Asker: 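One structure follows; several queries about it will come next.
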Amino acid sequence: MKSRPTLATWLGGLDGCRLARVLEARRDAASPPEPRSVGELADRLQRPGSVALALPRLTLPQLQVAEALAALRAPASGDALAELLGAADGKAARELEAVLEALTDHALVWPDSTGKLRMAGPLRQAWDAPLGLDAPLEELLPGTTSDELRGMLAALGVKPPCSKAQRLAALVEHHSDPERTLSVVAKAPGAARKLLEDRAGAGPAKPARFVMFGSPGPDPEPGARWALERGFLVQDRGPARMPTEVSLALRGPGWHAPFRPVPPSVGLAPVTPTEVDHEASAAASAFAAGAASVLSACSASAPARLKSGGTGARELARDRQGRPGRRRRRTLHPGDGVCRRAAGPGRRSRGLHRGVRRLD
């Protein structure tokens, strides 16, 4: 994996204080037997299991920045990331810098020697389609022939270069320019324009459940042929896919990936002591009524129990028929003395006691 050498290089350039912050955030990577080199530490930090342990500890803004970076297909520049998040300047830029600092402390994102941002491979795989975006055009066209690329460029009004590599580069350059993409789509037939706009907002199409080899594929959607001829949609096997560059262009210059570094304010309502007393009295009365019902049932018929000490299935079914299981558990545990007398002396009461604890 390419990310491991670059991570090892970055780790090797950290001072002791910064490296200690990484090890504190990712303690599992330094667990015994301790890594014997920076390369081994980098290898441990990139293991899927280690990354999975770090994910639940990330905040919402950190996950949002990581998803945006995954959508850019790292390595990506910090400027591109800031533009995608709408955090290119001001307070938002400072907040983005703080979030990136936290992600680097977890060794989930780090800068390479050119200053571009790299990310852990398993972290990128946490999203099937980050931000609802599919793969970039260059990744979707590896099997496209040179003649097919020439036809796409000709349909776009671009003079095709000579070699296949040059034609692919010219197509990527065209689709990476939102203004050129939007100008072509604006002249598209209505069905094609609607299809592209809907697909850009809905995300990648889901593949079919199964494909029978040799059978004809599904009928193309209205307008799909026009989009396929110009590389706005790419189809190999399965449904047609929209390149990332096209999706971002169609979403418009005002669209940004979600980034909410400031927690929302929580609405508070003043409550008087009288209101608190009233609610507490109502809750106590409701509990007392429910408890009386459950304990009355216990005194009339001892709860069935299993040999292992748990509560029998009939008791659970009876709960579902009118006495909520949660109320029964809350009542039986503090009212164990009453239930013990209802169940009878000796081992039977001890078994009931164990059953009640299992329910809790």
Side-chain angles (χ1 to χ4, degrees), residues 64 67-73 76 80-81 83-86 127-145 147-160 167-212 215-260:
Q64 289 174 332
E67 184 179 5
L69 187 58
L72 289 174
R73 301 281 171 152
L81 178 62
E83 182 179 354
L84 180 59
L85 292 167
W127 295 274
D128 292 332
L131 302 180
L133 300 173
D134 211 321
L137 182 64
E138 196 169 2
E139 293 185 20
L140 296 179
L141 291 175
T144 307
T145 65
D147 286 342
E148 290 172 333
L149 292 172
R150 180 182 60 79
M152 292 178 186
L153 290 170
L156 291 168
V158 178
K159 183 178 180 180
R167 291 174 179 177
L168 178 58
L171 187 62
V172 171
E173 180 183 2
H174 179 278
H175 286 6
S176 298
D177 187 340
E179 292 185 2
R180 297 174 71 183
T181 298
L182 291 174
S183 66
V184 175
V185 173
K187 303 173 185 176
R193 187 167 60 252
K194 183 177 185 305
L195 171 64
L196 292 172
E197 291 173 352
D198 292 346
R199 184 69 65 84
K206 295 182 179 179
R209 291 181 179 272
F210 63 92
V211 176
M212 183 179 294
S215 64
D219 295 334
E221 299 177 74
R225 183 176 297 278
W226 185 93
L228 290 168
E229 290 173 349
R230 290 158 179 77
F232 293 136
L233 293 178
V234 179
Q235 188 169 24
D236 184 10
R237 296 185 179 90
R241 301 169 65 181
M242 176 174 284
T244 296
E245 298 90 341
V246 178
S247 295
L248 290 175
L250 292 175
R251 291 182 184 184
W255 182 87
H256 297 290
F259 180 51
R260 301 178 180 86

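If you're wondering where the values come from, they're calculated on a predicted model, not measured in any experiment.
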Asker: Just wondering, more than 12 heavy atoms not from Glu229 lying within 6.0 Å of its CD?
Answerer: yes
Asker: Within the 4.5 Å heavy-atom criterion, are Leu84 and Leu248 side-chain neighbours or not?
Answerer: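 Side chain of Leu84 against side chain of Leu248, heavy atoms only: contact under 4.5 Å found.
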Asker: Testing the basics here: between Gly231 and Val234, what is the closest heavy-atom pair and its distance to 0.1 Å?
Answerer: O-CG2, 4.2 Å
Asker: If every non-hydrogen atom of Pro136 is compared with every non-hydrogen atom of Pro243, which pair is closest and at what distance?
Answerer: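 That closest heavy-atom pairing would be C-CB, 4.4 Å.
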Asker: Taking side chain to side chain donor-acceptor pair (under 3.5 Å) as the test, write out the residues that go with Thr145, two or more places apart.
Answerer: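 In terms of side chain to side chain donor-acceptor pair (under 3.5 Å), with neighbours along the sequence ignored, Thr145 is linked to Glu148.
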Asker: Quick one, Leu156 and Leu171 - any side-chain contact, counting heavy atoms below 4.5 Å?
Answerer: yes
Asker: So do Leu233 and Leu196 actually touch side chain to side chain, heavy atoms under 4.5 Å?
Answerer: yes
Asker: Out of curiosity, Asp134 CG to Glu245 CD, how far, rounded to the nearest 0.5 Å?
Answerer: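 Those atoms lie 10.5 Å apart.
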Asker: Quick one: pull up CG in Leu131 and CD in Glu67 and give me the separation to the nearest 0.5 Å.
Answerer: 4.5 Å
Asker: Rounded to the nearest 0.5 Å, how far does CG of Leu72 lie from OG1 of Thr244?
Answerer: 9.0 Å
Asker: Can you give the donor-acceptor pairs under 3.5 Å from side chains of residues 179-192 to other protein atoms, not counting sequence neighbours?
Answerer:
residue : atom : partner : partner atom : Å
Thr181  : OG1  : His175  : O            : 3.4
Thr181  : OG1  : Asp177  : O            : 3.3
Ser183  : OG   : Glu179  : O            : 3.3
Ser183  : OG   : Arg180  : O            : 2.7

Asker: So which heavy atom on Leu85 is nearest to which on Gln64, and how close?
Answerer: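 Nearest heavy atoms, Leu85 then Gln64: CD2-O, 4.4 Å.
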Asker: Ignoring hydrogens, what is the shortest heavy-atom contact between Ala76 and Leu69? Give both atom names and the distance.
Answerer: CB-CD1, 3.9 Å
Asker: Please round to the nearest 0.5 Å and tell me the distance separating atom CZ of Arg167 and atom CG of Asp147.
Answerer: 6.5 Å
Asker: Is there a donor-acceptor pair closer than 3.5 Å between any side-chain N or O of Arg251 and the backbone N or O of Ala200?
Answerer: yes
Asker: Check Ala240 against Leu228 and note the closest heavy-atom contact, atom names and distance.
Answerer: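 Heavy atoms only, the tightest pair is CB-CD2, 4.2 Å.
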Asker: Between Ala71 and Leu133, what is the shortest heavy-atom contact and its length?
Answerer: CB-CD1, 3.9 Å
Asker: With rounding to the nearest 0.5 angstrom, report the CZ to CZ distance, Arg193 to Phe232.
Answerer: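 The distance works out to 12.5 Å.
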Asker: Go through the steps to decide whether Leu250 and Met242 satisfy the test side chain to side chain contact (heavy atoms under 4.5 Å, CB included), and finish with yes or no.
Answerer: CA-CA 11 Å; Leu250 292 175; Met242 176 174 284; 4.0 Å; yes
